[in-house]
Structures are given as structure tokens and as C-alpha cells.
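Down below is the structure, laid out as C-alpha cells.
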Amino acid sequence: MNERYDFKNIEEKWQKIWKDTDVFHVTEDPDAEKYYCLEMFPYPSGKIHMGHVRNYSIGDVVARFKTMKGYNVLHPIGFDSFGLPAENAAIQHGIHPAVWTSSNIKEMEDELKRCGFSYDWDREVCTYKEDYYKWMQWIFIQFWKKGLAYKKENPVNWCPSCATVLANEQVVDGKCERCKSEVTKKDLSQWYLKITDYADRLLDNLDKLPGWPDKVKTMQRNWIGRSEGTELDFDIVGSEKKLRVFTTRVDTVFGTTFMVMSPEHPMLHELVHGTEYEAAVEEYAEQVKHLSDIERTSTSKEKTGVFIGRYAMNPLTHKKMPIYISDYVLISYGTGAVMGVPAHDQRDFDFAKKFGLEIIPVVDPGREDIDVNNLTAAFEAEGKMINSGKYDGMDNKDAIVAIRDDLKAIGLGEGKTNYRLRDWLISRQRYWGCPIPMIYCPEHGWVPEKEENLPVLLPTDVEFTGKGESPVATSKTFVDTVCPICGKPAKREVDTMDTFLDSSWYFLRYCDAQNAGAPFDPKKAAYWMPVDQYIGGVEHAILHLMYARFFMMVLYDLGLVSCEEPFTNLLTQGMVLKGYTDADGNWIVGKMSKSIGNVVSPDEIIDKYGADTARLFILFAAPPERELEWSDSGVEGSYRFLGRVYRLVYDLAKDTQGIPAVYKPETKDDKQLNYILNNTIKRVTDDIEKRFNFNTAISAVMELVNELYRYKELDDVNMGLMRAAAENVVLLLSPFAPHVCEEMWEGLGYSESLYRHPWPQCDESALVKDTEEIVIQVNGKVRDRMDVPSGLSREELAAYCKDTEAVRNLTEGKQVVKMIAVPGKLFNIVVKG
RNA sequence: GCCGGGAUGGCGGAAUUGGCAGACGCAGGGGACUUAAAAUCCCCCGAUAGCAAUAUCGUACCGGUUCGACCCCGGUUCUCGGCACCA
């Protein structure tokens, strides 16, 4: 141990030792309790950023802590390495995506290693490599065999800039999630996965995940959007056909005054064919087709629509009602048609006002301030039924059940559950992804490639144009093949898979990363899974986290894994922000961004202060789930603290050389230091284990260090105690700043790495004090404090305090109403006047 | 519009079960060491009044419950995030 804190040499030295001794390598050990600590793997964009450092520092603290606690800890890393940026680089710079990707991975591996994260690099998974995507294809085929993959022509989301289709989940506010271009519609035949079959399980299982943030669970619930209601039929006047609608408010059926169909409704053309309304209706439908999602779904837009010249019969009132088409009714939800109840649905209200349609109230608000017969807005809350025949007077909630049952009895309706969730569109018209291993035979239709022929390799003779064709189609060698069933000429699917499939099972591959004969050995997966702690950005709350849960459920049904839910506990870390001055001179704190220029690179910080300082600052500046504001002077502070610890341990190692960490506290100061030492052990342990509050864990160590600086200057010090304190400071700090702690540990005379050294244990007896300070309050205000013997009960404390001079002084001349004693805390006197 | 978070000193944040508000750090001020500077070590640091002891006020705002409220309840404002013509 050098006298100076030379972080550069220390960090290089210990990274080399960890590597040479293979200290982070783990295998399945049935006798040890396992712990799977996982951070979301990065996309290899070129360099790691502070968000990565934060994510992986949090995970590393957990992994190192659990290791010291004696768990067999799996802590892997890899790269989510298929995807668009690599292909765009290929188009722009003429460099092959594989070359671009692998050189980025190399660079990021080096950066991650410079941070000193405790990864088992033997389990590294890169999704673009054949040995991974081979099994991706195998899994896809298992989905297909189970009937969970299908190809279908549909209007799909098309991003003109990325030149590919997008899943619903990847369209945000009508824009492409990645490039922010406006998304348009296209009719294309595409592959889908039947995630909707799992909607109920995905929803219901959320209740079995107490270790997930409510926020994420709520977001997933909203996304799945389960909605229970009724489907019912309306006769169409002059037609054999019936118009079926879905409603959650069947209680309002007596208030229906019109019907609205989606302009894409399949029955529309025959209903208007040859009538005077045909031209206007077809024109409206054509207009709607050209609207973007943004225009169409804008809630501020005035309602539009066209009467189609047809009428429907209300099955309960037998009233004739006009049928319209309007773009506010979506073909993709429910039945693509709704009953218009203007009195009790705001959209229907707006539509009725626009077209001068009748408004009939059927639920009485029972409020003075609302005139039922002259509504200014739809009344959507609960109330008693009116204008509804035999249902009048019922609570509308009861009427929902009663009317639904009555409709069912006469064969006009039934209960029905609808979901907002749609099937997952997984085809991408891009090159840099996993080929979909399907073959089209004119005779047998779509057939999967034989499993023994996997992987279906990505061809290399491909042109990158960035135009709207699948690049793979330009290969001379790829497309033509033979049918796996009949051997006759057939064609391969040229689209590739959405990269979210790759990231839906990578955590299983980590369990058995080198397996050449299977995606993973189910026994090994059963040992490690589920992930005990998953850590990543909240931006994956819906997409990745729901797809991964879906995959896990399917693999569970296939008997490949032994649990349904992949992630027991989830921590969503906040973003890293940095302040800057904008064009108008305002101070703004925002996300680090190259275009704004408020980026701090991890390399720069590690060069200047070392990885330990970078990690410590990032963990100290804010609790993990909150946003973190980068502060240059804050980093200085963390650096100063590590130097302060280093000097302290250096001195103490010298002073206590050869003295064992054995002691008996004698003086008042001994007892106080011993108390703080053990209390710190307890606080740090709880903060890491139970609360994930690393900021307070670090501040607890700071307090202990401050106390130790005070203690060591005393005349009468206990050498064994100082030694114990120094050793514990090093151990407690080691998950946060591992390199410098290893160095200090060695300086304290230990020849073995502290990586697997047992975590310090709190000596509860040291926390028992002879006396404790309690606060004396008058009417809840602090007036005095005094030392009392420890461990007094409520009654004993009250009796003790009542007779003290301090209390007598405070109560003199006053009328005491009541006295309240709280053991270990306070004594409160309530006085009158 | 709906569903979630959040609001505490100059700043980041702490207060774990309703019990000392502001731990720890940053910034700032003062002192020690030094020829000097850096580094380091020590002290002070919510507001107002006061030489001081101390007193009063203070956790976005208004009100309530309680001996006692940053914490619980009712209402309001601002702010961040998610969803949104899903019938």
C-alpha cells in the first residue's frame, strides 16, 4: 500500500488480479443458495454512457454484497447486438454491420472492464452471433408449432425513415419510437406472435410480483387494457345482417339514439352498394385512410362522419336509429361499431351535437346542478336508471348485469372481454436481425426450416440501400430453397425478427451460455432462474418487460423452464441529468445529450478520478430510482472522501500492525466508537439489502470515518478497536469502491481478495447503551434533553422523568394535564394555560 | 381528460413504525499548517430578533385529526412520468 492514493495503478492492478484469478467465474452449486443479479444488457452503440455506469454500478453493489453474504451469485453481461444503427452505419459508411458491431462491442467491453464490474465474462452473450440466433430461430419454431406464430395481411405501422414496420408498442404518439418520424399505414403480410392469448395471464400474474414497482405494473395493466362488457346485436332495417357492437355500458342501451361504424368496417360496402349514399360514404372512407394516426386520434379534433342511409333497430326500445360512419370508431377494437349514447358518453355527445341527434338521458345523476333534459356534457358517472322501462329505479351498476343477462336469454347478446393489447408484429424489413426461419412452399404453405438445418444464416451477399425492400431479398443465394416437406422449390422468408425477441430470453442463455446442443440446459436454468434482482431503465416498463414475461410463460408451457415469471424483483433506475444554459440564457437540467452538449463521458471521469470515484459519486448523489443530476464538484467530493479513507487506513494499518482486531471497549469513547461501528454495519447492511438506498449506506460509512478521525487523536485509544474499525470500513465500502478497498485490505495485511470475504456482522450487544438521551417536550415542543438508564419501559420512564429537577422546573406553576413517555425517544408534558 | 410519482436550506439529498426537521455531501465563511500556494486537518453554516443564553417562525398552499404531523385525512396549486376517440 502506497502512501499516496494512486487510483490509476491501483485500479489496473486489481483488474488484472481479478482477471488472472478468474474470481468472478461461477458454476451451479446445489449446496449454495443462488442469487441471480441481472442488469439490462446494452446495445453496442460504441461507447458506454453515464446511464450505463449507473445501471451497472447499482447491479455491481448488489452482486458483490450478495457474494460477501455467501450466496452463489450469477452476474452476467452481454450485448443486444442486432438492430438498426449497425445497418445505418453500413449504409452511410460502407462498413459491414458485423464489423461495426464487433468493434463497438470490443470497445465497450474494455470500458466495462475499466469500471471493475464483477461480471462472469465466460457467459457473455451477443445476440448477433450464430450460436445465439440459431436458438432464437429454434424457439421461434417452437412458438409456430404451438400455434403462437402466424402470418397475416393487415394494415400495419410503417416508419418511412427506418423503412420498416413497427409493433404497436414502438409507435409513440403516432411517431416512430426510435427516429421520431411520423408513422404511416401500409397493408402488408407480416408475422405475428399471439401475445393476446396470454393477456389474462400477463395481467393476473402482476399481482404475484410484489417486488415490482407499482408504477411499472400499472403501466402494463393499462397497456393490456382488459375491459369487461357486453356484445349485442342490432337488426339492420331492410337487411338480413345484424350490426354487432361492444359496450361496457349496456345499462345505457335505452339511451341509444344512433349507431356508428368504423369506416373500415367489412359490412360497409354491401350496406351502401348501389344507393345514393355510396359515393359520399366511399369518399369519407378513402379520406380517413390517408389520415395519419396523429390526425386521426387527436382528441381535440371536431367529430366528423357521414350518414350511410341505413337504420338499425334498438332491440329493447324497437326504435329506428340512423347509422353513421366516423373515424372515432376503430376497426381494431371490439367489433368496429358502437351504439351511440350521447347522454352518457362524451364522444357520442360531441357527435350528436355536431349532427343534431337526439339525446335521451337514462341514468339520473341525482344532482341539483345537472339538468338531465338539457345536458351540457355527457354524464358518465353512476346513478339510478330512468327512461328504461322495467329497469327504472335500479342502480345503473345492477342494470348492467340485469340487461346483459336478459339479452343473453333472448339470444341478442353476451358478456365479452376485450383487450387493448394486440398481437405482436415481429417482421422487420431490415437486414441486421435474426432471419425468420420459415419457408413458403406453393403446395404446403408456410413451413419451418428443419431444426437440424439451423441456423438459417444471414446471407453476406446483400445490398444495403435503405429503401423499403428487405435487403436479404437481394441475396442471390438466400431466397431459393426447397420445401422441408416435399423437397420441391420453395422460397425463404426474407424479413428478419424484431430485436425485442432477442432480448426476451437472453437471461436464460446466460444460465448456460456455451451450450451447443440447446438454447440452455433446463436443469441449469432451473437452478439460476428466476432472476432475483433485475435492474434497468424505466423506458423498458412495457416493451421489453412484457415481451420477456410472455416468452417465459410460453417456455414454461413448453416445459423448458420451471417458473412463469422471469424477474422476481425489479428496480427501475432514474436517468442521469446535467444542467446547462440554453440559448435564452436559462439554466436547465436535462438528459445528457450530444446535441445539447451536456454530456459527461465515463472515460473522462475515470481518467481524472478513477472508476471507484465515478461509481461512488453516482451511487451517493441520489437514491437509485430517482433522477440523478451530475455535479462536477460532487464528484470532487467523492474523490476527496476516498482519499480521506485511504489516508486513514494507511495510518491505522501502520499504527496497528500485527495487532489483531480483538478488543474490549473500556472508556466512554471506546464505547461510543464501538456503538457507531456496529450501528454502521447494521445501517449499511439494511440500506443495501432491504432498501436499495445506496446513498444513505455511503453516508453512514462517512459518519464512521469522521468518528474514527476524531477517535484516533485521543490520548487513550484502543488499538484492537481501531484495527476492527478500519477493517470494517474497508469491507463495508468494498461493494461501492472495490479497487481501492482491495488495496487497503492488502495494506491491512490480508493476502486474499476481499471479494469473497464474509460481510461484517453487527454485534447487537454493542448497540445496547448504559444510558440513552431522551427529549423532554412541553406540549410537543423540545425544551430539554436528559440521559436516562437504557431499556426503561413506558411506565418506568414516566416515573423516572417525573421526579427529575428538569421536569419540575418546566412544570412549575403550570397545570399538568397529561404526561406521555415513549421509551428511547421522549417524555412529553401536556400543560394547560 | 384519466392513472401514477413528486414538492424539505444557496444546491443534491436525510428523517426506516406519527416522536429531536435539515444526517451525509456540495457550495460558502473562518481558523490551523505553509515563505507562499495547492493539498490536508479543525470549526461555523434554515429565517428573524439578540453580544449571548435563548425565543419565535419554518417541510408548496388552505383546513382537519392528534399530547405531538414532512409523515395520516379533506381540499388547492405547481411539477414530472405514463395512457388517451379502446366504446
Side-chain angles (χ1 to χ4, degrees), chain A residues 172-173 213-223 225-227 229-230 245-250 252 260 262 296-301 303 326-330 332-341 344-348 350-351 380 418-422 538-539 541-542 574-575 579 589 617 620-623 625-638 640-641 643-644 647 683 686-687 690-691 693 695-703 705-706 709-710 713 773-785 817-820 822 824-831:
Chain A
V172 178
D173 293 334
D214 289 334
K215 182 186 177 172
V216 173
K217 288 191 277 191
T218 303
M219 283 165 75
Q220 293 210 355
R221 279 192 195 103
N222 289 342
W223 189 264
R226 179 156 71 190
S227 160
T230 306
V245 303
F246 172 75
T247 179
T248 54
R249 291 293 305 275
V250 75
T252 64
V260 190
S262 162
R296 181 160 174 178
T297 60
S298 158
T299 47
S300 56
K301 195 186 82 168
K303 293 277 177 290
S326 174
D327 62 2
Y328 81 91
V329 178
L330 308 172
S332 51
Y333 188 78
T335 62
V338 301
M339 56 185 214
V341 187
H344 303 292
D345 181 287
Q346 190 57 42
R347 295 156 299 183
D348 297 344
D350 295 341
F351 193 82
E380 295 179 331
N418 267 317
Y419 302 88
R420 217 187 75 107
L421 183 72
R422 307 278 190 272
V538 73
E539 66 273 19
I542 297 173
M575 284 194 305
V589 177
F617 168 72
F620 177 64
E625 60 296 333
R626 226 188 286 189
E627 294 185 330
L628 181 148
E629 189 184 334
W630 190 265
S631 149
D632 292 328
S633 53
V635 181
E636 294 264 3
S638 292
R640 270 202 295 271
F641 171 68
R644 188 169 153 85
R647 285 187 297 277
R683 283 168 69 189
D686 284 355
D687 281 350
K690 301 198 176 104
R691 295 176 359 124
N693 277 9
N695 54 332
T696 49
I698 293 166
S699 68
V701 178
M702 287 173 169
E703 285 176 61
V705 169
N706 290 345
Y709 263 93
R710 192 191 69 84
E713 296 306 320
E773 191 185 70
I774 66 148
V775 165
I776 309 296
Q777 296 181 335
V778 176
N779 292 344
K781 286 190 177 168
V782 182
R783 283 291 178 261
D784 204 351
R785 29 195 100 221
V817 179
K818 197 172 171 185
M819 293 188 181
I820 296 140
V822 182
K825 293 258 165 63
L826 56 84
F827 182 70
N828 186 18
I829 308 153
V830 185
V831 298

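The chains referred to below are lettered A, B, ... by the order of the sequence lines, with proteins before strands, and numbering in each begins at 1.
For A:Tyr709 and B:C41, the shortest distance from a side-chain N or O to OP1 or OP2 is below 4.0 Å. The side chain of A:Lys818 contributes an N or O atom lying less than 4.0 Å from OP1 or OP2 of B:C67. Within the structure, every side-chain polar atom (N or O) of A:Arg783 is placed at least 4.0 Å from both OP1 and OP2 of B:G68. Distances shown here put a side-chain N or O of A:Arg644 below 4.0 Å from the OP1 or OP2 atom of B:C41. The side chain of A:Arg640 places no N or O atom within less than 4.0 Å of a non-bridging phosphate oxygen (OP1 or OP2) of B:C41. Using a 4.0 Å cut-off, no side-chain N or O of A:Arg420 falls inside it from OP1 or OP2 of B:A87. Applying the 4.0 Å criterion to OP1 and OP2 of B:C85, one finds that A:Ser326 has every side-chain N and O outside that range.
The side-chain hydrogen bond (donor to acceptor under 3.5 Å, both in side chains) check on A:Arg422 picks up A:Ser332, with sequence neighbours excluded. Shown here are the side chain to side chain contact (heavy atoms under 4.5 Å, CB included) partners of A:Lys818, two or more places apart in sequence or in another chain: A:Ile820, A:Val830. A search for salt bridge (charged side-chain N to carboxylate O under 4.0 Å, His left out) contacts involving A:Glu703 returns A:Arg683, not counting sequence neighbours. Residues that satisfy the salt bridge (charged side-chain N to carboxylate O under 4.0 Å, His left out) test with A:Glu636, not counting sequence neighbours, are absent from this structure. Taking the ring pair (Phe, Tyr, Trp, His ring centres under 6.0 Å) definition, one finds that A:Trp223 meets it with nothing, sequence neighbours left out. Every residue meeting the side chain to side chain contact (heavy atoms under 4.5 Å, CB included) condition with A:Asn693, not counting sequence neighbours, appears here in chain and number order: A:Pro623, A:Arg691, A:Asn695, A:Thr696. With sequence neighbours excluded, the residues forming a salt bridge (charged side-chain N to carboxylate O under 4.0 Å, His left out) with A:Arg221 are A:Asp207, listed by chain and number. Not counting sequence neighbours, the partners of A:Val260 by the side chain to side chain contact (heavy atoms under 4.5 Å, CB included) test are A:Phe258, A:Ser326, A:Tyr328, A:Val329, A:Val338, A:Phe351. Legend: residues meeting side chain to side chain contact (heavy atoms under 4.5 Å, CB included) with A:Phe617, ordered by chain and number and at least two apart, are A:Ala621, A:Leu628, A:Trp630, A:Ser631, A:Val635, A:Ser638.
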Can you check nucleotides 45-50 of chain B for protein contacts, nitrogen or oxygen pairs under 3.5 Å, and list what you find?
none

Using nucleotides 16-24 of chain B, report all nitrogen or oxygen pairs with the protein that are shorter than 3.5 Å.
from, atom 1, to, atom 2, distance (Å)
B:U16, O4', A:Arg691, NH1, 3.4
B:G19, N2, A:Gln777, OE1, 3.4
B:G19, N2, A:Asn828, ND2, 3.4
B:C20, O2, A:Arg785, NH1, 2.4
B:C20, O2, A:Arg785, NH2, 3.1
B:C20, N3, A:Arg785, NH1, 3.4
B:A23, O2', A:Glu703, OE1, 3.4
B:A23, O2', A:Glu703, OE2, 3.1

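In this entry the distance linking CG of A:Asn779 with P of B:A69 reads 11 Å, nearest Å.
Between the CD atom in A:Gln777 and the CG atom in A:Asp784 there is a gap of 11.5 Å [rounded to 0.5 Å].
Where A:Arg647 and A:Ala621 meet RNA chain B, the nucleotide closest to each residue was compared, and A:Ala621 sits on the side nearer the 5' end. When each of A:Arg710 and A:Arg249 is assigned the nucleotide of RNA chain B with its nearest heavy atom, A:Arg710 is the one assigned upstream, toward the 5' end.
A:Thr247 comes within contact range of the sugar-phosphate backbone alone, with a heavy-atom separation under 4.0 Å but no base atom that close. Base contact: A:Val338 has a heavy atom under 4.0 Å from a base atom.
With the 3.5 Å cutoff on both pairing distances, Watson-Crick and G-U pairs in RNA chain B assemble into runs of at least 3 at B:1-7 with B:77-83, B:10-12 with B:24-26, B:28-32 with B:40-44, B:46-49 with B:54-57, B:60-64 with B:72-76.
Side chain of A:Glu380 to backbone of A:Gln346: a donor-acceptor contact under 3.5 angstrom is found.
Closest approach to the A:Pro623 side chain among B:G13, B:G82, B:A87 is made by B:G13 (side chain taken as heavy atoms from C-beta onward). The side chain of A:Lys781 has B:C57 as its nearest neighbour among B:U40, B:A87, B:C57.
Residue A:Tyr709 comes nearest to A:Arg644 through the heavy atom pair OH-O, 2.8 Å, listed as atom of the first residue, atom of the second, then distance.
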